[in-house]
Amino acid sequence: MTSSTLPNISEMICRLAQLSELSNGITRQFLSSEHREANALVCRWMEMAGMRAHQDAIGNIIGRYEGLETDLPAVMIGSHLDTVVNAGKFDGILGVVVAIHCISALYKEKKRYRFPIEVIGFADEEGTRFQSTYLGSKAVAGTFDFTSLGRRDVNGTSMQDALLSFGLEPDKIKNAARKPKDISAYIEIHIEQGPVLEEQGIPAGIVTEITGAVRFQVTVTGTAGHAGTVPIHLRNDALVSACECVLMVEEIARKHPKTVGTVGQITVTAGASNVIPGETVFTIDLRAADNEIRHKVEHELISEMQRLCQKRQTKISLKKVHEAPSVTCSPRIINQLQNAFTKSKHKPYCLPSGAGHDAAAMADLTDVGMIFIRCKEGVSHNPAESVSEPDIQSGLDILLEFLNAYD
Ligand SMILES: [Zn+2]
C-alpha cells in the first residue's frame, strides 16, 4: 500500500480493528482517543476516494461526493464506527468502508450522478459508553436528547465533558441536524448478525423493517419453605412457576410469525439448595416486526403468565423497562433495492432486522433502506464475527447498481 492508494476493503477493516482500547477483541467507544484516530483515518480515506470530508458537532465523520446538480438532496450511505466491548471487526465498520469504496469506484470512472452522495461514519450507535444508543444518527436526524449530556460513563465522566475534551462543543450538536429537504434517503449496509442468510445460502438480503422491542422485569412471588419438610403438593414454588412462564414466552413467540421472545436473566432471590424458592425475578425481551402484533403478543403473554401463576398460587408482577417501536423501511427504497439485487444477479430476498440500527433513528429524517450481508454462523458482537470477501463484493456491486438507477 502506498500513501496515495486507497487500501482495499479487507485492509481497511483490519486497520480499523487495530484502533482498540483493549488488546483482546476490539473496543472503540464514543469519544475515545481510538474514535479520534478512526475518524482521522476514515477522513483520509474519504478524501482519497474523491470526497470532501468533515467531522460534525457530535463526532460523526461525513464525506460528500458532489452531484452534477449541487442543490439536489443527497443520498446518504454509511453505518457506525463505534463498537461494543470485545467486538468483532465488521459490525458497523463494514457499511462505512463499502460506502467509501463505492464512491472510489465512481471517482475512478469519473462518474457523477445528478444527486450528491454523502458517506457517513456515525460516532455512536451501540451506546456502550453512556448507555444511550444512536447518539450520532439521532444528532443527524434532529432528535438528539440534550438531557443525555449529563449521562456519565463508568469512570464518572459526563458526556458533556467527554465532548469538550474531544474538542467538540455540546451546544453546537443541533448544528449536526440535517434538513429533510437536503437528504432524500439513507442506505445502510450492515452484517446480518443472525443466521438467516446463511441458512438461505445467499450473500445479501433486503431489510423490510427494524423490529420493535419491549423489555420487562418480572417478579414471581411464592412461599419460601424448607426443602425437606413441605410436601410437593403444598408448595408455592416461585421458580417452578417462573419456569412455566419462561416456556410460555417461547410457546407464544413460536405461535406468531416474525416474533421472538427471550428470557436472558433469571435469579432466585436469597436462593439456597435447601430452600423452596420464595421469589424469582426474570427478564423478558419481546420483539416483533409489526407494532400491532407486538402489542397483541404482549397482552396474550401477560394474561397466559397470570393464568399459570394463579394455578400455582403464586403472584406475578411485571415492570416494563424498555420499549422501542418498529421502523418500516421505505417501500420506494425496498423496490429500488430489489431491482439492484436482480441487476447484479442476486436473489432479492427480504427479511426483517431483529437488531436495532442507525437506520431506525434516520427514519425520523428521511426514507431508509438496508442491505444485510451474510455473516458466518450469525455470530456478532464477538471477535469471531466473520464475513467473506466475495460477500462483501456482492454488497458493493448491489450498492453501485442501486445508486446507478436511483431516483
Ligand atoms: Zn451495528
Side-chain angles (χ1 to χ4, degrees), residues 9 12-13 16-17 19-21 25-32 34-35 38-39 42 58-62 76-100 119-141 186-198 204-213 285 287 324 326-327 329 351-363 368-387 391-392 395 399:
I9 290 178
M12 281 176 159
I13 287 167
L16 282 167
L19 302 178
S20 172
E21 294 161 47
I26 303 153
T27 303
R28 189 171 51 252
Q29 298 183 83
F30 180 45
L31 306 175
S32 59
E34 289 74 16
H35 174 196
N39 273 6
V42 169
I58 189 84
N60 297 322
I61 189 89
I62 305 168
M76 194 177 254
I77 48 180
S79 192
H80 59 97
L81 290 171
D82 69 318
T83 75
V84 293
V85 174
N86 200 26
K89 54 185 178 180
F90 298 94
D91 178 0
I93 283 80
L94 181 69
V96 182
V97 300
V98 170
I100 293 171
V119 175
I120 190 157
F122 287 115
D124 174 278
E125 187 269 348
E126 305 283 5
T128 310
R129 182 165 180 186
F130 294 104
Q131 304 303 311
S132 180
T133 56
Y134 305 145
L135 295 171
S137 40
K138 279 184 173 171
V140 172
Y186 169 72
I187 312 298
E188 180 165 356
I189 285 196
H190 201 284
I191 63 165
E192 183 201 342
Q193 302 182 285
V196 177
L197 296 174
E198 192 171 65
I206 301 163
V207 176
T208 45
E209 59 261 307
I210 297 163
T211 64
D285 179 304
R287 301 179 191 220
S326 65
V327 170
C329 292
L351 73 168
S353 169
H357 294 290
D358 288 301
M362 289 297 284
V368 300
M370 286 190 80
I371 301 167
F372 268 174
I373 305 295
R374 165 170 62 185
C375 59
K376 199 176 169 205
E377 287 161 18
V379 172
S380 184
H381 284 187
N382 184 317
E385 211 172 70
S386 172
V387 182
D391 287 3
I392 295 174
L399 192 56

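Just so you know, these numbers come straight off a predicted model, no measurement behind them. Just follow the structure's listing: the first ligand is 1, and inside any ligand the first atom is 1.
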Requested in this report: Examine the side chains of D82 and H35 and answer whether a donor and an acceptor come within less than 3.5 Å of each other.
Outcome: no
Query raised in the report: Is there a side-chain contact between D91 and T83 (heavy atoms, below 4.5 Å)?
Result: no
Query raised in the report: Less than 6.0 Å separating the ring centroids of F30 and H80?
Result: no
Report task. Examine all N, O or S atoms of E126, backbone included, and report whether one is under 2.8 Å from the Zn ion (ligand 1). Result -> no
Query raised in the report: Rounded to 10°, how big is the angle at the Zn ion (ligand 1) from D91 OD1 to H80 NE2?
Result: 100°
Query raised in the report: Does any N, O or S atom of H190, backbone or side chain, fall under 2.8 Å from the Zn ion (ligand 1)?
Result: yes
Query raised in the report: So among L197, V196, V387, which one has a side chain to side chain contact (heavy atoms under 4.5 Å, CB included) with R374?
Result: L197
